[in-house]
Amino acid sequence: TKYSFPIYEKIFQEENIPEEIKYLSVVESALNPHAVSRVGATGLWQFMPTTGKVYGLDINEWVDERKDPVAASYAAAAYLRDSYDQFDDWLLAIASYNCGRGNVERAINKAGGQYDFWAIRSFLPAETQNYVPAYIATVYAMNYHKQHSITPGVADFTIHTEVLQVNHKVSLASIAQAANVNVRELSILNPSYLREVINASPESPKSLILPVLNNNTYSALYEVLYGNSEPPAVASRYNTKPVPKHRPMYYKVRNGDNLYAIAKKYDVEIQDL
């Protein structure tokens, strides 16, 4: 929590999201960037592939930004902000994060137009009916753990980090050797690089998160990263804000439609619909 939550707090403040919604990531993934649900939702904020791409996350053979704490948090903030703008209620926005805005909208209609989670709860999918109470319970547990003798664990990796920009293809193993750090720790700090390789280029630079290093280490590191010993511009820890590819599209189902035909028409996966 001492590593992830400061990232969430900075991004949520920037995007005008209530800070306590950071605890939603505990419900989603238990703060495990490699968490994968039974239907393929992945990462700290459990994005499905299509939704992740809609909200600007890169997902390909080299990188899955659903696992990146910064990029995924910006995407989650954008999704929650869009939901709040639609429903004007944060609990409904949180419910939509679990079951989608369409299900929430239908539940509101069935409840006579009430924009209140507790009023529409019985019309929501069973999982979502329990999802919002689970979030509320998590907020309580995270804030009042001392009263219940719950002690936070200590991270098994450094939480004091810095960020460098990489502009060519390089492996985490090479970086670890040059920086004299453990490659496992680099993998933990850079969970989105699927092959432990940063497939960057001058046109598409990538961020590398490192433990804070001793000054005498930088020369060898820069040689691996840039082919020289000149220090690069310092990158911000929060510089990977994704750019949404496009906003979600809404489609009104007509008689005779089926999910396969709609998915084919809009070139999306059936499971995402």
Side-chain angles (χ1 to χ4, degrees), residues 1-11 13-14 22 25 29 31-35 42-45 47 52 56-77 153-243:
T1 60
K2 289 185 178 180
Y3 181 76
S4 298
F5 284 172
I7 296 174
Y8 299 169
E9 290 162 6
K10 167 72 168 59
I11 292 169
Q13 181 181 40
E14 181 181 326
K22 67 186 180 185
S25 180
S29 65
L31 303 183
N32 176 10
H34 299 293
T42 297
L44 291 161
W45 291 97
F47 277 99
L57 299 178
D58 284 338
I59 304 169
N60 55 52
E61 63 178 311
W62 295 102
V63 65
D64 188 341
E65 288 188 335
R66 294 177 296 174
K67 298 182 177 185
D68 183 279
V70 176
S73 296
Y74 272 117
V154 178
D156 61 351
F157 62 94
T158 182
I159 62 173
H160 303 293
T161 61
E162 56 188 323
V163 183
L164 298 178
Q165 291 287 12
V166 179
N167 60 13
H168 72 277
K169 191 173 181 179
V170 61
S171 70
L172 295 186
S174 297
I175 296 168
Q177 184 176 9
N180 194 27
V181 298
N182 189 296
V183 69
R184 174 186 172 274
E185 187 161 33
L186 276 190
S187 296
I188 291 172
L189 294 173
N190 299 274
S192 64
Y193 297 122
L194 301 180
R195 303 184 181 186
E196 296 194 346
V197 171
I198 304 176
N199 189 35
S201 68
E203 298 74 28
S204 181
K206 304 293 184 184
S207 295
L208 166 66
I209 302 175
L210 287 162
V212 175
L213 303 174
N214 295 323
N215 289 335
N216 58 7
T217 307
Y218 285 102
S219 179
L221 176 61
Y222 293 160
E223 183 68 32
V224 170
L225 293 181
Y226 308 103
N228 58 59
S229 59
E230 292 298 319
V234 176
S236 166
R237 191 183 186 191
Y238 309 98
N239 67 344
T240 55
K241 181 177 182 178
V243 178

When rounded to the nearest 0.5 angstrom, what distance separates [atom1] in [X] from [atom2] in [Y]?
X    : Y    : atom1 : atom2 : answer
L31  : K22  : CG    : NZ    : 10.5 Å
N60  : L194 : CG    : CG    : 7.5 Å
I59  : S192 : CD1   : OG    : 11.0 Å
S73  : I7   : OG    : CD1   : 6.5 Å
N32  : T42  : CG    : OG1   : 10.5 Å
K206 : N199 : NZ    : CG    : 7.5 Å

Donor-acceptor check, side chain of [X] to backbone of [Y], threshold 3.5 angstrom: yes or no?
X    : Y    : answer
S25  : L44  : yes
D58  : E65  : no
S204 : A200 : no
R195 : W62  : no
E185 : L210 : no

Original post:
Are more than 12 heavy atoms from other residues, nucleotides or ligands located less than 6.0 Å from atom CD of Q177?
Top reply: no
Subject >> Exceeds 12 heavy-atom contacts within 6.0 angstrom, atom CG of N182 >> reply: yes
Original post:
Does the side-chain contact (heavy atoms from CB on, under 4.5 Å) test come out yes or no for V212 and T158, once each step is laid out?
Top reply: CA-CA 9 Å; V212 175; T158 182; over 6 Å; no
Original post:
Regarding S174 and S171, is there a side-chain donor-to-acceptor distance under 3.5 Å anywhere?
Top reply: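 Present: a donor and an acceptor within the cut-off.
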What heavy-atom pair brings [X] and [Y] nearest, and what distance separates the two atoms?
X    : Y    : result
P191 : H34  : O-CE1, 3.6 Å
P33  : K67  : O-CG, 3.1 Å
D68  : A71  : OD1-N, 2.7 Å
S29  : G43  : CB-O, 3.4 Å
A178 : T217 : O-CG2, 3.7 Å

**OP:** Applying side chain to side chain contact (heavy atoms under 4.5 Å, CB included) between I175 and each of V181, L225, N190, report the one that passes.
**Re:**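 Exactly one pass, corresponding to L225.
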With side chains defined as the heavy atoms from C-beta onward, is the minimum distance between [X] and [Y] less than 4.5 Å?
X    : Y    : value
P211 : L189 : yes
L213 : E162 : yes
K10  : F5   : no
D64  : Y193 : no

Subject >> Aromatic ring proximity W45/Y74, centre distance under 6.0 Å >> reply: no
**OP:** Report the C-alpha distance between S207 and V166 in whole Å, list the side-chain angles of each, state the deciding distance to 0.1 Å, and finish with yes or no for side-chain contact (heavy atoms from CB on, under 4.5 Å).
**Re:** CA-CA 6 Å; S207 295; V166 179; over 6 Å; no
Original post:
Step by step, would you call I198 with L208 a side-chain contact (heavy atoms from CB on, under 4.5 Å)?
Top reply: CA-CA 8 Å; I198 304 176; L208 166 66; 3.8 Å; yes
